[in-house]
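Okay, structure first, notes after.
By convention in this document, chain letters (A, B, ...) are assigned in the order of the sequence lines, proteins followed by strands, and residues within each chain are numbered from 1. Just so you know, these numbers come straight off a predicted model, no measurement behind them.
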Number of protein chains: 2
Amino acid sequence: MTMKKMSQNYRITKQRQKILELLTNTREHPTADQIYKKFKGKFPRLSLGTVYRNLRILKEQGQIWELDFGTGLSHFDAVVHSHYHFICKNCRKIYDIRIPSIKELDDRVRTLTGFRIYSHRLEFFGLCDACNARQIVR
Amino acid sequence: MTMKKMSQNYRITKQRQKILELLTNTREHPTADQIYKKFKGKFPRLSLGTVYRNLRILKEQGQIWELDFGTGLSHFDAVVHSHYHFICKNCRKIYDIRIPSIKELDDRVRTLTGFRIYSHRLEFFGLCDACNARQIVR
DNA sequence: GTAGCTGCAAACCGTTTGCACGTGA
DNA sequence: TCACGTGCAAACGGTTTGCAGCTAC
């Protein structure tokens, strides 16, 4: 039997604050390393390990999401509202798709499988305007 | 300017055949290591590197898909027909959801963004019957 | 005071790669 | 024949972790 720690008393540190702030104020979906590099100039003592640890904690708290778009890296996103993503097959840029979560999808799968559905993830792949204009074929 | 090899002359080797066969005949979504372990008994000289190389080639040929379910590992799937997946948050088991691809989703995003949409990926998260019955809470 | 956090560096582990030998067409 | 594939082992790179000192509370 594994026991969960009774209660984690999270603290508010400058590092954690700054990381959450960054994720809240950007529409990009940065990786741990991108976050690290962004702060390295102002806080030269910051370590990549700290970034990873804080990302894990913020995720545990439900303040951010960890997303995988098949790029081999984890991308992070402040949880503002549920939304979908578009990934350009050429430039790998990730865009938010601003349509609300389609709850009927969950209902449909619940009916079909009988499973308890918590959420779903929907991602679109294709070419963004810029890459499409350049006639890139993949 | 990067040049792509003019034409790759793929060969049919026993290893490649066996891997594709395995993926075609299973409804699981094995990782590279699981495939490797499955064959290691019969073919003790098989190397994990070969499994990875063949998976890459089969993927290039469009015969299999590489899927990421946020487990930190790549899962592989023979391409029989397009379908969705359900991942149990507790036991991490992956199930096929047997509803056909909803093309209207692509149309909707195309209209909204103007991007060229090739495909989408849809995954559901929740608890499977077995885990739900055990009253597991996450 | 002390549990939680940090920087640092090493470890971890899934995946890729260089190399010499093997093999399918 | 010879380009492609294999086994083997080392390298790679994103992420995690052990540790000693630091800090929020």
Side-chain angles (χ1 to χ4, degrees), chain A residues 3-22 29-61 63-77 92 94, chain B residues 3-22 29-61 63-77 92 94:
Chain A
M3 295 292 284
K4 183 148 191 178
K5 222 180 295 185
M6 281 307 281
S7 91
Q8 178 97 20
N9 291 310
Y10 295 117
R11 288 182 185 169
I12 300 168
T13 63
K14 284 187 198 73
Q15 292 90 333
R16 190 164 307 159
Q17 248 172 345
K18 285 290 174 190
I19 290 170
L20 182 56
E21 206 175 286
L22 176 85
H29 306 76
T31 62
D33 195 59
Q34 288 170 337
I35 294 168
Y36 171 67
K37 288 208 171 72
K38 214 152 233 167
F39 286 126
K40 197 61 184 171
K42 278 186 210 160
F43 312 102
R45 310 273 320 260
L46 179 66
S47 87
L48 189 53
T50 296
V51 173
Y52 275 106
R53 269 184 294 229
N54 277 306
L55 289 171
R56 185 172 42 69
I57 287 168
L58 288 168
K59 188 179 148 193
E60 275 171 24
Q61 297 176 330
Q63 305 212 60
I64 63 171
W65 282 336
E66 181 175 5
L67 302 166
D68 193 301
F69 301 113
T71 59
L73 298 167
S74 282
H75 295 256
F76 296 88
D77 203 354
R92 311 302 300 177
I94 297 154
Chain B
M3 295 292 284
K4 183 149 190 176
K5 223 181 293 184
M6 281 307 281
S7 91
Q8 179 96 20
N9 291 310
Y10 295 117
R11 289 181 186 168
I12 300 169
T13 64
K14 284 186 197 74
Q15 292 90 334
R16 191 163 306 160
Q17 247 172 344
K18 285 290 175 190
I19 291 170
L20 182 56
E21 206 175 286
L22 176 85
H29 305 76
T31 63
D33 195 59
Q34 288 170 338
I35 294 169
Y36 172 68
K37 287 208 170 73
K38 215 151 232 167
F39 285 126
K40 197 61 182 170
K42 279 185 208 160
F43 312 103
R45 308 273 321 258
L46 179 67
S47 87
L48 189 53
T50 296
V51 173
Y52 274 107
R53 269 184 294 230
N54 277 306
L55 288 171
R56 185 173 41 71
I57 287 168
L58 288 168
K59 188 180 149 193
E60 274 171 24
Q61 296 176 331
Q63 305 212 61
I64 64 170
W65 282 337
E66 181 175 4
L67 302 166
D68 193 301
F69 301 114
T71 59
L73 298 167
S74 281
H75 295 256
F76 296 88
D77 202 355
R92 312 302 298 176
I94 297 153

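- Among the protein residues, A:R56 comes within range of no part of the nucleic acid, since none of its heavy atoms lies under 4.0 Å from any strand.
- At the heavy-atom level, A:I12 lies under 4.0 Å from the strands shown only through sugar-phosphate atoms.
- Proximity of A:R45 to the phosphate of C:dC8: a side-chain N or O atom is located under 4.0 Å from OP1 or OP2.
- Remark: the backbone N or O of B:H29 is paired with a side-chain donor or acceptor of B:H75 at under 3.5 angstrom.
- Regarding contacts with the backbone of C:dG24, every side-chain N or O of B:T13 stays at 4.0 angstrom or more from both OP1 and OP2.
- Within 4.0 Å (heavy atoms only), B:L46 reaches sugar-phosphate atoms of the nucleic acid but no base atom.
- Comparing A:P44 and B:E66 by the nucleotide of DNA chain C that holds the closest heavy atom to each, the one mapping nearer the 5' end is A:P44.
- Regarding B:R16, its CZ atom lies at a distance of 13 Å from the C1' atom of D:dA3, rounded to whole Å.
- Atom OH in A:Y52 sits roughly 16 Å away from atom C1' in C:dC8 (whole-Å rounding).
- Taking atom OH on A:Y36 and atom C1' on D:dT15, their separation rounds to 14 Å, with Å as the unit.
- With hydrogens and angles left out, the side chain of A:R53 and the base of C:dG7 share a donor-acceptor pair within 3.5 Å.
- In terms of phosphate contacts, B:Q15 brings a side-chain nitrogen or oxygen within less than 4.0 Å of OP1 or OP2 of D:dG7.
- Between the C1' atom of C:dT17 and the CG atom of B:L48 lies a distance of 13 Å, rounded to the nearest Å.
- Note: CG (A:D68) to C1' (D:dG14) measures 12 Å, nearest angstrom.
- Residue order along DNA chain D, read from the 5' end via each residue's closest nucleotide, puts B:K14 first among B:G49 and B:K14.
- Of all the heavy atoms in B:F39 and B:L46, the pair that sits closest is CB-CD2, 3.6 Å.
- With B:L73 as the fixed residue, the side chain to side chain contact (heavy atoms under 4.5 Å, CB included) test singles out one of B:L67, B:D33, B:T31: B:T31.
- One finds no side-chain N or O of A:T31 lying less than 4.0 angstrom from the OP1 or OP2 phosphate oxygen of D:dG14.
- Under 4.0 angstrom from either OP1 or OP2 of C:dC8 there lies no side-chain N or O belonging to A:S47.
- In this entry the distance linking OH of B:Y10 with C1' of D:dT6 reads 17 Å, nearest Å.
- Contacts of A:R11 with the nucleic acid, taken as non-hydrogen atoms under 4.0 Å apart, include base atoms.
- Among the atoms of the strands shown, only primed sugar atoms or phosphate atoms (P, OP1, OP2) are found under 4.0 Å from some heavy atom of A:N54.
- The shortest distance between side-chain heavy atoms of A:L22 and A:K18 does not fall below 4.5 Å.
- Contact of the B:F43 side chain with the B:Q15 side chain is not registered, since no non-hydrogen atoms from C-beta on lie closer than 4.5 Å.
- Residues B:E66 and B:F76 form a side-chain contact, since some pair of their non-hydrogen atoms from C-beta on lies under 4.5 Å apart.
- We find that CZ of A:F43 is positioned 16 Å from C1' of C:dC5, with the value rounded to whole Å.
- Going from atom CG of A:L73 over to atom P of C:dG14 covers 17 Å, rounded to whole Å.
- In this structure, A:S74 reaches the sugar-phosphate backbone alone: every heavy-atom distance under 4.0 Å involves primed, P, OP1 or OP2 atoms, never a base.
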